[in-house]
Participant: 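First the structure, then my questions, so here it is.
Here is the naming used below: chain letters follow the sequence lines, and residue numbers restart at 1 for every chain.
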Amino acid sequence: MSDRRYDPSEIEPRWQAVWESERTWEVPNLPPDEVAAAPPKSYVLEMLPYPSGEPHIGHLKNYAVGDAVAHFRRRTGHRVLHPLGYDAFGLPAENNAIKTGIPPRQATDESIAAFQRAFRAWGLSIDWSREISSHEPGYYRWTQWIFLRLFERGLAYRKESAVNWCPNDQTVLANEQVIDGRCERCGHEVELRQLEQWFFRITAYADRLLDDLETIRWPESVKAQQRNWIGRSSGAEVTFRCEALGIDYPVFTTRPDTLFGATFFVMAPEHPDVMRLAAGTEHEADVRAYVNRALSERAADRGAAEKPKTGVPLGRTVTNPVNGEPLPMYVADYVLMEYGTGAVMGVPAHDERDHAFATAFALPIRPVVAPSGAEASDVSERAFTAHTDDERLINSGRFTGMDAVAGREAIVDWLESRGAGRAAVSYRLRDWLLSRQRYWGCPIPILYCESCGMVPVPDGDLPVLLPEVDDYQPRGRSPLAAADEWLHTRCPRCGGAARRETDTMDTFVDSSWYFLRYCDARNDAAPWDPEVLAQWAPIDQYIGGIEHAILHLLYARFFVKAFADMGLLSVQEPFAALFTQGMILGPDGHKMSKSRGNVISPTPIVERFGADAARCYVLFIGPPDQDAAWSETSLEGVHRFLTRLWRLGDELAQTTARGPAETPENPTGDALELVRKAHWAIDKVTADLDGRFSFNTAIAAIMELVNELYRRRDADSGARRFATATAASLVFPFAPHVGAEVYELLTGDRVWEEPWPAADPAMLVAESFELVCQVNGRVRDRVPAPTGAPREELERLALSSAGVQAHVNGHEVVKVVVVPDKLVNVVAR
RNA sequence: GCGGCGGUGGUGGAACGGUAGACACGACGGACUCAAAAUCCGUUGUCCGCAAGGACGUGAGGGUUCGAAUCCCUCUCGCCGCACCA
C-alpha cells in the first residue's frame with residue numbers, strides 16, 4: 001500500500017498551470033479559405049455571468065455543464081469555441097455604490113477579478129484570449145454602434161406612453177422586467193407613468209420570433225413561455241362609427257362571428273378620445289372622475305380579474321356595422337389601452353368579462369352562436385354561453401344558420417367588402433423599453449440640438465464615454481444629467497449647442513449581442529467581421545438558467561433577426577440548441593438566500609474537496625435540468641469515488657511501467673470481465689453525453705467501472721491498466737484534473753489530446769446471458785442461455801425451466817413471445 | 001382560466017413498451033485497529049415465511065398489449081410561466 005494520498009490541492013494547480021502556459025483552449029479564427037478543410041466547428045456557450053461579489057454555486061453548475069460539453073466535443077473531433085465574458089453594467093453595482101461609496105467601476109472590476117480567480121481554480125477550458133466585458137469602452141462602443149443602426153432603421157425610437165416606473169430604483173422598466181406588478185430587481189411595486197422613453201421595435205418581429213421557434217432545439221417549456229409572451233391571436237379589426245362626432249373606432253376581436261351579439265361598446269380610461277366624447281354630455285363630470293381614479297390606481301389592483309366590473313356611460317353611441325344598431329358607449333377599466341385598439345365591442349353572451357359588465361349595468365344579452373341542433377328558443381336569453389366545437393350562428397341576420405367557423409370568415413369578408421373591417425392579428429408583446437434613468441450603463445448615443453432636434457452621434461465619435469460622477473443617487477433622471485461638462489456638447493450637423501441624452505441602456509441590450517463579439521473580440525473596426533462570424537454562428541449549444549426564458553433569450557433572438565436583415569450576419573437564430581440547467585437549492589430544499597442563511601459558497605468547497613469533486617457533484621446530484629438540494633454527504637460520496645480512481649492509478653503506476661493502455665489481447669476470466677465493463681462504460685458515457693445531457697448517469701457508469709476494478713483486484717495488470725486509463729479518460733470532461741493526472745500516470749500521455757474512446761461492439765456482448773423466463777408477464781425463472789441463440793432454443797429453454805414449469809403446470813400454453821437475447825414470455829390460460 | 005412540466009424505496013435519483021429501484025447518500029452487519037477516523041467487504045422496497053418461496057408494489061381509476069413507471073383516457077396533487085389580452 002502506498003502512503004500517498006489523493007491531493008487535489010496539489011494536482012489541480014499543476015494542470016491548470018499547463019493549460020494556462022500552453023494556452024491549450026485557445027482556438028484561432030481561420031482564414032476563410034481554410035474553413036472548409038478544418039474539422040467541424042462547435043460553438044459551446046454558457047450565459048455570461050453578472051459579476052457581483054463572488055461566484056455562487058449556480059455558476060459552478062452552469063460552467064461544469066458547459067465545460068463537460070466543450071471537452072466532449074473537442075475529443076470527438078470538433079473545433080470548439082468556448083469563450084467567457086462579463087455582463088458588467090447594471091443596478092446592483094450602482095446601488096452598492098450609493099450604499100458604500102465604492103464607485104461601480106471599482107466594485108465591478110474587483111468582482112471580475114474574483115470571478116477570474118474562481119474560474120481558473122475550477123479548471124474551466126475557456127479561450128481567455130476572447131474575454132470581454134460589457135463595461136469596457138472597447139465593447140460598449142459597439143453596443144452604441146448597434147443602437148445607431150437600429151435607430152437608422154426605425155427600430156429604435158422615442159415615444160411618450162404609459163410606462164412602468166419603479167419608485168425605489170427610480171427608473172423605468174421593460175414589460176418583461178415587471179413580475180406580478182413588481183420590479184424584477186428590487187421587488188418594489190411598479191407604478192404607471194406617462195413618460196417619453198426609448199423603445200426597440202421588437203413587435204415588428206413578433207411573427208418571425210414566434211414562427212422560428214419551430215427551427216430551434218430548445219426545451220418545450222421555454223418555447224411555450226415565449227409563445228405565451230408574444231401572444232399572437234388572430235381575428236378581425238372591425239370599425240364602429242360614432243355618428244355624432246363623425247369618428248371611426250376600430251376594435252380588435254377574436255370572435256367576429258359574434259358581431260351580431262354586440263350590445264354595447266367600451267373604451268379604456270387611457271383612450272385619448274374619452275374626454276372628447278363625454279364633453280358636453282350629462283356624464284362629463286362622472287367620466288372625468290372615473291378616468292382620474294382609474295389612472296391613479298395601482299396596476300396590480302386594477303389588473304385583478306375577480307374585481308367587480310365598473311364603468312361610466314359616455315353618453316354617446318357607435319353604430320354596429322353589421323346591423324346598423326346603435327350601441328351605448330362606456331368607459332371601463334377592464335379594457336386595456338395597451339392591447340388591441342384600446343376599445344372593445346361588448347358581446348355579453350359570449351365573453352365572460354362582457355357578461356359581467358352587462359349584468360352590472362343591466363345591458364341586453366343576446367346569444368348569436370349556439371350548439372348545432374339547438375333551437376334559437378332553447379338558448380337562454382341571459383346566460384353566458386361557453387364555447388364548444390360544433391356551433392352555428394343564430395340571430396345573425398343573413399349569416400344565421402351558418403357554421404360558426406364558416407360564419408366568422410363570411411362576416412369578415414362582408415365587412416371587408418363594405419370597408420368596415422378586415423382580418424387582423426394582435427399580439428400581447430410590447431415594444432422593448434430600453435432607456436433607464438440610471439448611471440451604470442451604456443450611454444445612448446443621441447444628441448439634442450436646439451435647431452436640428454434629435455441627432456445621432458456620428459460613428460466616428462463613438463464611443464460616447466460614460467463620464468465619472470460622484471453622486472450616483474437617482475432622482476427621477478439619470479445621474480448623467482449632473483455631469484455638466486459631458487452633458488453639453490456641439491451638434492455635429494450645425495455646430496450649435498447640443499445636449500447629450502442622459503439615459504443609459506438597459507443591461508439586456510449589452511447581453512443581446514455579446515455572443516457575436518466573442519467570435520471577433522479584438523476587432524476595432526467593426527463589432528465583428530461577417531466572414532469571421534460565419535465560421536462560428538450559430539451557437540451550437542447554449543447553456544443557462546431558465547429565468548432568462550423570456551428576457552434575454554427573446555431580446556437576443558430579436559437582435560439577431562434585425563442584424564440578419566441588415567446583412568451583418570447570415571443566421572436567423574442565435575442559439576440552435578438550448579439547455580436550461582436547474583437550480584441548486586440550499587440543504588433545506590429552499591432557494592439559497594442570505595436571509596435564509598442557507599447559502600453554500602463554492603470557494604470553501606473547492607478548497608476542501610477540490611474543483612473536480614465539486615464539479616462532479618453538481619453534475620451527479622440529479623438530472624441537470626432539474627432543481628436539486630445541496631447535500632454535503634453526497635458530495636463526500638463523489639469525492640470518495642475520485643479518491644478510489646486516483647488510488648487505482650497511483651497503485652498501478654507504482655507497480656507497472658508507464659506506456660499505452662490498450663485493450664489487452666484475448667483476455668480471460670476477471671480480465672475479460674474488466675475489459676468488457678470498460679467497453680460498456682465507454683458505450684454508456686458516450687451515449688449519455690451525445691446530446692442527452694445525462695451527466696448523472698454517465699458519472700454513475702464510471703463509478704460502476706471503478707467499483708468493478710476494486711472487485712476484480714486480481715485481474716492481470718494489462719486489463720487493470722486499460723480499465724483504469726479508460727475510467728480516467730471518461731471522467732475527464734467532468735473532473736479534468738484527476739482525469740488528466742491518472743491518465744498521465746499510466747500512459748505518459750495527455751488525455752485531452754487523445755480522441756474520445758470508442759467502444760468495441762464485440763466487447764459489448766458476452767457469449768452467454770441470463771434469459772428471463774416469464775409466465776403471463778411475471779418473472780418466474782432466469783436461466784443461462786447462449787447469446788444469439790435461435791428463438792426455438794430460447795423457447796425450449798424457458799419452457800423447460802423449473803420456474804416456468806411450476807407456473808404453467810395444468811394450464812394450456814396459448815402463445816410464447818420470444819425477445820432474442822433477453823426474455824421469453826409464456827402465455828398460459 | 002390558458003400554456004408547460006412533473007408525482008418511483010428512508011433520501012437524491014435509474015430504467016429503447018421487456019428482470020422496477022442502476023449509481024450515490026443514509027442505515028445495519030463484518031474486516032482492519034488498543035481504540036477511533038480513514039479504508040475494504042456485505043445486507044438494505046414493503047409484507048408473509050426458519051427457509052425455499054410467495055404476495056404486493058412507480059399519485060388514483062380505467063383502457064391498449066403476451067407484457068405498461070413508460071402509450072391512451074378520466075381524475076387528483078404539486079411546481080413553473082402568463083393572465084380582465086377582447
Participant: Give me the distance, rounded to whole Å, that separates B:U43 from B:C48 when you measure between the P atoms they each carry.
Facilitator: 22 Å
Participant: Does A:Arg712 reach a base, just sugar-phosphate, or nothing at all? Heavy atoms under 4.0 Å.
Facilitator: nothing
Participant: Between A:Tyr330 and A:Phe265, does the ring centroid distance fall short of 6.0 Å?
Facilitator: no
Participant: With rounding to the closest Å, how many angstrom separate the C1' atoms on B:G7 and B:G57?
Facilitator: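 So the two C1' atoms sit 16 Å from each other.
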Participant: Which nucleotide, if any, forms a Watson-Crick or G-U wobble pair with B:A15, using both distances under 3.5 Å?
Facilitator: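 For B:A15, the partner nucleotide comes out as none, under the 3.5 Å rule.
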Participant: Starting at CG of A:Asp625 and ending at P of B:G13, how long is that distance when rounded to a whole Å?
Facilitator: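 It is 11 Å, rounded to the nearest whole Å.
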Participant: Go through the structure and list residues passing side chain to side chain donor-acceptor pair (under 3.5 Å) with A:Arg720, not counting sequence neighbours.
Facilitator: none
Participant: Go through the structure and list residues passing ring pair (Phe, Tyr, Trp, His ring centres under 6.0 Å) with A:Phe579, not counting sequence neighbours.
Facilitator: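 A:Phe579 satisfies ring pair (Phe, Tyr, Trp, His ring centres under 6.0 Å) with A:Phe693 only.
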Participant: Residues of residues 227-236 of chain A with any non-hydrogen atom less than 4.0 angstrom from an atom of RNA chain B: list those, numerically ordered, please.
Facilitator: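 Under 4.0 Å from RNA chain B: A:Asn228, A:Trp229, A:Ser233.
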Participant: Just name whichever nucleotide pairs with B:C56, Watson-Crick or G-U, keeping both distances under 3.5 Å, else none.
Facilitator: B:G45
Participant: Look at all strands and tell whether A:Pro623 reaches a base, only sugar-phosphate, or nothing, counting heavy atoms closer than 4.0 Å.
Facilitator: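 Sugar-phosphate: the residue A:Pro623, judged by heavy atoms under 4.0 Å, touches backbone atoms but no base.
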Participant: Could you measure between the two P atoms, the one in B:C23 and the one in B:G42, and give it in whole Å?
Facilitator: 11 Å
Participant: Which of these passes side chain to side chain contact (heavy atoms under 4.5 Å, CB included) with A:Ser694: A:Val685, A:Leu619, A:Asp688?
Facilitator: A:Asp688
Participant: Mind checking the P distance from B:G67 to B:A20? Whole angstroms is fine.
Facilitator: 15 Å
Participant: With sequence neighbours left out, write down each residue that passes salt bridge (charged side-chain N to carboxylate O under 4.0 Å, His left out) with A:Asp588, or none if nothing qualifies.
Facilitator: none
Participant: Taking atom P in both B:U46 and B:U11, compute the distance separating them and give it to the nearest angstrom.
Facilitator: 11 Å
Participant: Out of B:U39, B:C84, B:G4, which nucleotide sits closest to the side chain of A:Arg647?
Facilitator: B:U39
Participant: Between B:U65 and B:A14, how far is it from one C1' atom to the other, in whole Å?
Facilitator: 25 Å
Participant: Look for any protein N or O under 3.5 Å of an N or O in nucleotides 22-25 of chain B and output each such pair with its distance, or none.
Facilitator:
residue: B:A22; atom: O2'; partner: A:Glu704; partner atom: OE2; Å: 2.7
residue: B:A24; atom: OP1; partner: A:Asn707; partner atom: ND2; Å: 2.9
residue: B:C25; atom: OP1; partner: A:Arg640; partner atom: NH1; Å: 2.6
residue: B:C25; atom: O2'; partner: A:Thr633; partner atom: OG1; Å: 2.9

Participant: In whole Å, what is the span from the CD atom of A:Gln226 to the C1' atom of B:C82?
Facilitator: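 It is 13 Å, rounded to the nearest whole Å.
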Participant: Checking A:Ser221 now: which residues fulfil side chain to side chain donor-acceptor pair (under 3.5 Å) with it, not counting sequence neighbours?
Facilitator: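 Not a single residue meets the side chain to side chain donor-acceptor pair (under 3.5 Å) criterion with A:Ser221.
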Participant: A:Val819 side chain: which of B:G18, B:C41, B:G13 is closest?
Facilitator: B:G18
Participant: Counting Watson-Crick and G-U wobble pairs only, both distances under 3.5 Å, name the nucleotide matched with B:A37, or none.
Facilitator: none
Participant: I need the CG-P distance between A:Leu823 and B:G17, as an integer number of Å.
Facilitator: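 The distance from CG of A:Leu823 to P of B:G17 comes to 15 Å, rounded to the nearest Å.
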Participant: Could you check A:Met345 against A:Val178 and say which one's nearest nucleotide on RNA chain B is further toward the 5' end?
Facilitator: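 The residue mapped nearer the 5' terminus is A:Val178.
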Participant: Is a donor on one side and an acceptor on the other found under 3.5 Å between the side chain of A:Asn825 and the backbone of A:Val817?
Facilitator: no
Participant: When you compare the protein's N or O atoms with those of nucleotides 64-71 of chain B, which come within less than 3.5 Å of each other, and at what distance?
Facilitator:
residue: B:C66; atom: O2'; partner: A:Asn825; partner atom: ND2; Å: 3.2
residue: B:C66; atom: O2; partner: A:Asn825; partner atom: ND2; Å: 2.6

Participant: Given atom CD1 of A:Ile621 and atom C1' of B:U11, what is their separation to the nearest angstrom?
Facilitator: 12 Å
Participant: Report the residues that fulfil side chain to side chain donor-acceptor pair (under 3.5 Å) with A:Asp207, sequence neighbours left out, ordered by chain and then residue number.
Facilitator: A:Arg232, A:Tyr427
Participant: Using whole Å, what does the distance between atom P of nucleotide B:A83 and atom OH of A:Tyr339 come to?
Facilitator: 13 Å
Participant: Can you tabulate the close N/O pairs, meaning under 3.5 Å, that link protein atoms to atoms of nucleotides 44-55 of chain B?
Facilitator:
residue: B:A55; atom: OP2; partner: A:Arg780; partner atom: NH1; Å: 3.3

Participant: Return the set of residues passing salt bridge (charged side-chain N to carboxylate O under 4.0 Å, His left out) with A:Arg640 (not counting sequence neighbours), or none when no residue passes.
Facilitator: none
Participant: Whole Å only: how far is the CD atom of A:Glu184 from the P atom of B:C82?
Facilitator: 11 Å
Participant: May I ask which nucleotide in the shown strands pairs with B:C5, Watson-Crick or G-U wobble, both distances under 3.5 Å?
Facilitator: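 Base partner found: B:G78.
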Participant: Restricting to pairs with a member in residues 803-820 of chain A, which pass side chain to side chain donor-acceptor pair (under 3.5 Å), not counting sequence neighbours?
Facilitator: A:Arg780-A:His807
Participant: Excluding sequence neighbours, so at least two apart, what forms side chain to side chain donor-acceptor pair (under 3.5 Å) with A:His271?
Facilitator: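 Here no residue qualifies.
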Participant: If the C1' atom of B:G45 is compared with that of B:C41, how far apart are they to the nearest Å?
Facilitator: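 So the two C1' atoms sit 23 Å from each other.
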Participant: Which nucleotide, in any strand shown, forms a Watson-Crick or G-U wobble pair with B:A22, with both distances under 3.5 Å?
Facilitator: none
Participant: Taking syn as within 90° of 0 and anti otherwise, name the glycosidic form of B:G9.
Facilitator: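 B:G9: syn.
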Participant: How long is the line joining CD of A:Gln626 and P of B:U8, in whole Å?
Facilitator: 11 Å
Participant: Over how many whole Å does the gap from A:Tyr249 atom OH to B:A86 atom C1' extend?
Facilitator: 18 Å
Participant: In whole angstrom, give me the gap between the C1' atoms of B:G21 and B:A37.
Facilitator: 32 Å
Participant: With the side chain counted from C-beta on, respond yes when A:Tyr290 and A:Asp333 share a heavy-atom pair under 4.5 Å apart, and no when they do not.
Facilitator: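 Yes. Closest side-chain heavy atoms under 4.5 Å.
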Participant: For the backbone of A:His639 and the side chain of A:Tyr6, can you confirm whether one donor and one acceptor N or O come within less than 3.5 Å of each other?
Facilitator: no
Participant: Given that A:Asp688 and A:Thr310 both sit by RNA chain B, which one's nearest nucleotide is further toward the 5' end?
Facilitator: A:Asp688
Participant: Give, for atom OG1 of A:Thr697 and atom CZ of A:Phe620, the distance between the pair rounded to the nearest 0.5 Å.
Facilitator: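 With rounding to 0.5 Å, OG1 (A:Thr697) is 9.5 Å from CZ (A:Phe620).
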Participant: Please examine the side chains of A:Val347 and A:His350, heavy atoms only from C-beta on, and report whether any two atoms are closer than 4.5 Å.
Facilitator: yes
Participant: Surrounding CZ of A:Arg217 (heavy atoms of other residues, nucleotides or ligands, distance under 6.0 Å), is the total greater than 12?
Facilitator: no
